[in-house]
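Here is the structure we will look at.
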Amino acid sequence: MKPESFWHIFINASLINNFVLAYFLGICPFLGVSGKKETAMKMGGAVTFVMVIAATCAYGINLLLIAVGAPFLQLISYIVVIASTVQLVEMFIKKMSPALFRALGIFLPLITTNCAILGLVLFQTNKGYGFLESIVYALGAGAGFTLALMLMAGLREQLDFAEVPEVTKGTVLTLLIAGILSLSFMGFAGLGG
Amino acid sequence: MQTMSQADTTEPTISLKMLKAMVGIGIVCACLIALTFEYTLPRIENLKAEALNKAISIVIPGMVTKKTFGVDRNNNLLEVNNKDKSPHLLYAGYDENGKLMGLAVEASGIGFGGVLRILYGYDPEKQAITGFHVLESKETPGLGDKIEKSSDFLENFRALDVSLNEDNVTLKHKITVVKNGAKKNPWEIDGITGATISSRAIGNILADSTRQMAPLINRHKSNLEKN
Amino acid sequence: MGFFNFLQNSFKHGIHPAEHKNETKDLPIRQFPFAPLIILPTLQHTGIPSQIIVSEGQEVVRGQLLAKAGGFVSVPLHAPVSGTIRKMGYVPTISGKKVPGIYLESFPSSSQEVPEGKGIQVESATPEEILQGIQDAGIVGLGGAAFPTHVKLKIPEGKRCEVLIINGVECEPYLTTDHRVMLEQADDIFLGIQYLQKVTGAQRVIIAVEANKQNAANHLAGKVPREAPIKVQILPVKYPQGAEKMLVSTLLGKEVPSGGLPIDIGAVVINVATTAEIGRLLPHGQGIQERVITITGPGVKQKGNYLIPIGTPLRFVLEQVGTAENISEVYLGGPMMGTAVANLDISVTKGTSGILVFPETEIRRKENIYPCIKCGACLDACPIFLNPSKLGILAKAGAHDEMAEKYHLMDCFECGSCAYMCPSNIPLVQYFRLSKNRVRKRKASIT
Amino acid sequence: MLNKTLNISTSPHAVQGVSTADIMRNVVWALLPAAFFGVYAFGLSALFLLITTTVSAVLTEHFLCRFSNKESTVSDWSAVITGLLLGMTLPPNFPLWMAFLGGVISITLGKFIFGGLGCNVFNPALVGRAFLQAAFPVAITTWYPAFLPDRFSTYSVATFTLPFMEPALDGFTGATPLAAFKFSHQATAIPELALGLISGSTGETCAVLIILGGLYLIARNMMNWRIPASILLTVFAFCGLLNLINSELYPTPLFMLFSGGLMLGAVFMATDLVASPVTPLGNWVYGAIIGLLVVVIRIWGGLPEGVMYAVLLGNAISPHIDNLIKPRVYGTGKR
Amino acid sequence: MTILTALAVLGCLTFLLAFILIVANKKLQVREDPRIDAVEQMLPHTNCGACGYPGCRPFAEALVSGKVLPGKCSVSPDEGRAAIAKFLGVGIGAEEKRVARLACGGGNNVALNRARYHGIQSCQAASLVSGGGKGCFWGCLGYGDCEAVCDFNAITMNTFGLPVVDIDKCTACGDCVEACPKDLFSLHPISHRLWVNCKNLEQGEAILEECQVACTACGKCAMDAPDNLISMINNLPVVDYSKNHQTQIPIQRCPTGAIVWLDDKLGIIKGAESKKIIRKGQRQEGIS
Amino acid sequence: MSVPAKTKTGFLDSLEKSPATDIFLKGLWRKNPTFVQVIGMCPVLAVSNTAENALAMGLATAFVLLMSNTLVSILRFVIPKQVRISCYILIIATFVTMADYAIQAMSVELHKALGAFISLIVVNCLILGRAEAFASKNTVETSVLDALGMGAGFTFALFCLGAVRELLGNGSLFGIAVFPASFQEWVVMMLPAGGFFTLALWLFIFNAVKRAKQNKERGKALP
Ligand SMILES: Cc1cc2nc3c(=O)[nH]c(=O)nc-3n(C[C@H](O)[C@H](O)[C@H](O)COP(=O)(O)O)c2cc1C
Ligand SMILES: Cc1cc2nc3c(=O)[nH]c(=O)nc-3n(C[C@H](O)[C@H](O)[C@H](O)COP(=O)(O)O)c2cc1C
Ligand SMILES: Cc1cc2nc3c(=O)[nH]c(=O)nc-3n(C[C@H](O)[C@H](O)[C@H](O)COP(=O)(O)O)c2cc1C
Ligand SMILES: Cc1cc2nc3c(=O)[nH]c(=O)nc-3n(C[C@H](O)[C@H](O)[C@H](O)CO)c2cc1C
Ligand code: SF4
Ligand code: SF4
Ligand code: SF4
Ligand code: SF4
Ligand code: FES
């Protein structure tokens, strides 16, 4: 088997198989936090950050679990460790930099139990990525998530002033835009292939 | 403010309670999971092995027993036990007499929708690909997934020529994909209309993999045959 | 359009509306008859109303002071005609607002003579005296805004006026008052410039004239006193070339800072008619009683440039010049920035530069309003480089504060270029006025 | 005589006189030459196709307005453009029932759900096409030869396929110039491309007529010239650079410009006023992004053609462009 | 064996996690008076600002800190205010209910329009175009900005284009006061029954051309009013509500019905001698 | 909201009278997690490309929901408030792992089709939400009912999506061809975009029905 290049891992996670638009991971924040550009940007940043942390943790746990021979505890340990690590980081940030906390921190608890994070670490394990590959994968996934969130936020902000019919307002409209974005992202299919 | 000081006095007991509750639940959970795992493991392994066997017997028709080999750093073929996960897995299939029928080789590459993992059968005697099976694909259902379903396409892999030159190191012809209906030579693959990209990806994967594996297998033929 | 903009030596953006000046530009200024009843609001300028100093029943002569300035940002009001004060009360104005005013019944055979006052000679007077003289003459900007001229001429502490710009651009379609003034009152203009130079201390004077008034420019250029630092500059025809910000950009290549005035970059802009009025009135110590007004438009029978006494009711004016049967809209000022008249009982004031009459058949009402299609025509037109498209969308949604904070709403000077260009007929300027009003109101309520 | 009630309204009291409907109508005129060329080159099938998409878009618009108790907005002509453009981007032998569906999707998904004219954030015609391409990828990449001798007497078998049924494949696949280049590295001669002597989507083949239509609109100040200029320049420059680096691997810039839907996309689709940025500099940036995406998708992507995706992605970015690139307001110092 | 590994791994993990949480629990206590939340829950959540605070939460904070009394919230029903008062152990601080009140009687049946306005259909927009075209500069333009701005649907435009306030729905939030470009709305306790229903500053009968119910500043009401209750200021009668104003005497002789008495539902009762104008339709458009 | 007394009592209404069925129906219909509450959307979109996958996913989620609700309810007095979320996650993760292995033991094919989404049930907002908002405050019986209702509602929603997508995208239902062989599949329905569109369609229908109902009620209340 030929190992994937970092570049392809990144492009794949961010554009071709975008976590939100192709894998449907993290739909809740995608629907919920995409109303304003600023919050979307911060949310994206926070998700990327947590993804990198989670990828690191997961890599370590996976090694450990294989070592002790308990791969069946994978899921439960991932979620428990990621949750507590994120909480630790949150406390740490709060103490070290209140400004950063205000920008990122309030999103952290939201993200802890989010499909995108857990999905990332599960995929990363399934694909058998090494440490660096995992980090690149996390960065790509985070960038893709941020991109999707930002695009949606921009469009939704613009539509705040449009005469959207009552019945499609809200989630329906957001989903339809997501669908069209997902169609557009198909243009990236096969990139780097 | 009163409520605050109350909380302060009760803190140690609460902490202890928290610790107890969590560790307790953790232990119960551990038991539950471990039991489930123990209970289902044999069946899952069975199913997996069956699936693998099925896949291998698709690409090596008529195979009865098999052995698993891996490729180490120095390009040597070594028999490995099933649990090990070393890259470049190959399976050697034998008939009831223990005669080598062919090899099932795993290969992967990038298709239309992401990574494609395939298994193909290689017959060192005929120096040809004898079968082909998709292990994992994200190709578009109804379009790209014709690479696993279209019998016309699978027909290509009944005997796809990958003969080696006399030097036993290089291939005579590179596997190429041509437009549907344009196949003329035994080393060409007839593509799928509407899924050119997926079919070409298969061609590329096969070409890449055979270029490396065919000489290797030929070199270690004896190694494989003794059963 | 827009494509070859860079070839022109002028401000960027702007529009080219049809001019319609040919009908009146060659008609000499003519004196208008006195109306039997003159209506004089005490607020004909921007600022504080004048304070009436006469009483009901009192007889006054032409040029007599009727109301004194109500403060620094205010000017006095003089009788435009000899007669009797019939009544005092609320009188209607063009803004719709009713303000305290005077009804003056003119004597049937009033004389045109205006008694001589205490003149101010340009050679002997100090700048302060001239400034006071300008206020006493009741002079306000005749270019449209009717801002008290002496206030504008008082150079703030720490600023210096380097160049005086005499605005003879008259970029509004239809209007030809400034054109005629330049042709017929050149001497007054040059005398006025002397006063202005003395007040401002400006070393350079530029008289700016649009290329469609070539004859006026030549006439003025020929009369420039020898060795006077006065230059007559011909500018490309483009709306709103006459707006002082654009004028300063074109002539000096500098921009007036947002929220600032031309004096912030060392310039003072005064309209030609204002200048002429200064030159005519100050030496005689008189007050302003009449002004030149273009009466035109497809609904007018005797189009022309008339010297009309201030306070003449619009109804009287239109009866005199004759109008079409089916008049539908009357504007004071030009078609781009002028105000529609709701009530013909209002009168001509110091700020009135034109009276435009349109019959029903000539009105192209913008009834078919489409949504904004973001064509960008408005952006390409706006001389201030605002984004009227976005502003319009925000205004419709009522996001007034966002307009002011993020999109420079308050820099819009309502020139109307954007609405003129908009293919969707969106009432952009009205939206902006409304929003500006709201923002101002809110700011006022906060402080 | 002077006792009439006057009418009052805000200044300005003058208007320049070209309305939105006028602009839209002129865009239709500008599209017609290229559309007629499509009919001339591909015959009856193409004619039926264009009529179907246009009628479908207009009908959909009309009925949606009716259902939402609004006045029908068909008279502003924008639905005609959407329908016509949709037809022009489809292969001539595209089954009519699919084309009809495309028109319906274009107007509902691409326009109506956002609030109708002026509110859509994506190009409606391309939303319809993207849906069709994702729904029926085979039908939309099955091409029909141009200039068949009997094209005015017979039509493609696929054209009249029953609704919901699979079209019989009577076209040939993969022979358009871009696919030929992508999969077999065969370049087509530029004059052939420019004059439209090739196969492709109904309205995209004759680049010359498309350019003429665009020039007409630009001359009448009804189209934003900056966007096509920016796209074409970017594609030319980027592709030229690649071609200089390796002329074996990468096509010549002229081939890039004149092949596939680039010309139609750059001149008529990226310029859709509503879904593109509104500021002048924003237009340049938007064009450059689309140009880059086109080249990237065409050269490194899986698909042979990417104009549609590039424009849709450009649409998605355009609110950000508008937000980040604001004109410098008079008197506020340097940028 | 599997079970043992599982126990060990998960035991350690959960221990670690619990430890972290305990630390977090100690470090991250949120110190906020819980009563604020409770009070906020009891408020109507309309964030209307009628209480003088920017929203319900700041008002709740103020309530808890004892700065104000619950009666300030005019939107809550009486029971709600009582509940909050009980919860906080303070008085209700009842204030008399106030409602928005219009000072114009010039519907299109009695007042003339001098010009026909075209443009954005809003009073604020119209008022900026030569005053809006109504004959009386001070009068209601009738485009219903007040109706649109009211969050409680308390204002409806009647057939003559005048806003009518539903006193049950009106919360005295003051939005209409702010919205009206002619400043016709003000907030008054409902006990103020004697009401000057006009804002026209002109004196004399000439104004009747424009509006048949305008105050002509004849001064009869001021003359009749006991105890100097009414004074004429700027050609308009002004009621001094600090005096005893529960009297209908002043309205009786008003010739135009510009000063009125309001009944329980704020219906208008005019004086005996005021001219009765019963017109069902619109008055004809005036001439300029 | 006081609903005016209805003259005609439908079957559902009579059922709603009893508190137990009321709790159940609430989850299935009135507070349907997908169509009304719009939570836990990821699996709804991701594994609804065929009716079979959708059903399997729905059932798996319902199982986890049921078990975790029960356990949380049983333990509700034991778990201290401060660590409740972590405890819930532990419990949920356990049952998810069990479900995962169970499915794997049943069919490798199905496990492959559902992919990581079985594991992702752990983070499904629905399950944690029910544990937190309902089970931790209610008796075991009602929690079980709630879980059954919500689980059924979720499965129902998934099935609605899966059926439409499979029907249009593959011309079949549960793998059985419904349309004639020459049916042209709408490939888009199998793609991610199709998931978004179908969900939007169903939400739209629910919205429209809700609005129509509201309008009708308002119409009734008026005269
Ligand atoms: C929604 C969609 C899905 C596609 N999926 C595949 C795919 O799985 N495999 C593939 O080879 N091409 C796929 N394509 C690519 C197009 O079918 C492409 O045009 C085609 O591969 C060109 O091949 P042709 O020359 O045989 O028409 C897809 C295109 C679209 C729009
Ligand atoms: C859009 C616009 C157009 C204007 N056009 C003219 C004009 O054509 N002529 C003119 O004298 N003033 C014009 N003005 C007014 C000038 O900006 C400036 O106020 C005036 O020339 C100053 O002279 P004044 O105070 O003597 O009137 C215009 C203003 C604006 C906002
Ligand atoms: C504006 C426009 C955009 C288009 N976008 C795409 C696209 O994104 N993808 C695509 O496959 N075809 C698209 N087409 C159709 C292509 O231009 C072309 O006809 C098709 O890709 C077949 O050519 P090829 O096989 O040489 O690529 C588009 C056509 C037009 C007119
Ligand atoms: C220059 C120009 C290009 C246009 N291009 C498109 C287009 O590509 N697709 C489309 O649906 N409408 C197009 N329109 C029409 C119109 O903008 C479109 O229907 C609106 O986007 C609908 O809100 C175009 C209009 C103009 C003036
Ligand atoms: S009216 Fe205001 S926004 Fe419009 S063009 Fe003039 S300055 Fe710009
Ligand atoms: S000119 Fe009119 S339609 Fe065009 S962008 Fe400006 S506001 Fe919108
Ligand atoms: S009261 Fe004021 S806001 Fe209300 S309709 Fe009359 S003018 Fe408009
Ligand atoms: S009696 Fe009537 S008209 Fe006279 S002052 Fe009083 S309110 Fe005005
Ligand atoms: S289910 Fe909520 S983020 Fe995935």
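All figures in this text were calculated on a predicted structure; none of them were measured in a lab. Chain letters run A, B, ... following the sequence lines, proteins first, then strands; residues in each count from 1.
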* Counting a contact as any heavy-atom pair under 4.5 Å apart, which residues of residues 156-173 of chain A contact chain D? ->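 When heavy atoms of chain D are the reference, residues 156-173 of chain A contributes A:Gln158, A:Leu159, A:Ala162, A:Glu163, A:Val164, A:Pro165, A:Thr168, A:Leu173 within the under-4.5 Å range.
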
* **Residue-level contacts of residues 137-146 of chain A with chain D, using a heavy-atom cutoff under 4.5 Å** =>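 Hits under 4.5 Å: none found.
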
* Asked: Do you know which two heavy atoms are closest between D:Leu303 and A:Gly187, and how far apart they sit?
  ->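 Looking at all heavy atoms of both residues, the closest pair is CD1-CA, 4.3 Å.
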
* Give, as side chain, backbone, both or neither, the part of A:Leu183 having an atom under 4.5 angstrom from any heavy atom of chain D. =>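 For A:Leu183, backbone and side chain are both near chain D.
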
* Asked: Which bit of A:Met150 is near chain D, if near means a heavy-atom gap under 4.5 Å: side chain, backbone, both or neither?
  ->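 When you check distances to chain D, atoms from both the backbone and side chain of A:Met150 fall under 4.5 Å.
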
* Could you check if a side-chain atom of D:Val296 sits within less than 4.5 angstrom of a side-chain atom of A:Phe188, using non-hydrogen atoms only? =>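 They are not in side-chain contact.
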
* To do: List the steps, then state whether side chain to side chain contact (heavy atoms under 4.5 Å, CB included) holds for A:Leu155 with D:Phe122.
  => CA-CA 9 Å; A:Leu155 295 172; D:Phe122 294 101; 3.7 Å; yes

* **chain A contact residues among residues 103-118 of chain D, heavy-atom distance under 4.5 Å** =>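 Those residues of residues 103-118 of chain D which have a heavy atom under 4.5 Å from chain A are D:Leu109, D:Phe112, D:Ile113, D:Phe114, D:Gly115.
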
* Positions in residues 64-72 of chain D that reach chain A, provided some heavy atom is under 4.5 Å away ->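 Result: none.
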
* Distance, nearest 0.5 Å, that separates CD1 of A:Ile180 from CG of D:Asn315 ->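 Here the interatomic distance stands at 10.0 Å.
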
* Is the side chain of D:His320 donor-acceptor paired with the backbone N or O of A:Lys37 at a distance under 3.5 Å, no angle test? ->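 The answer is no, because no donor-acceptor pair under 3.5 Å joins these two groups.
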
* Asked: What part of D:Leu293 gets closer than 4.5 Å to chain A, counting heavy atoms only: side chain, backbone, both or neither?
  ->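 Contact with chain A is through the side chain of D:Leu293 alone.
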
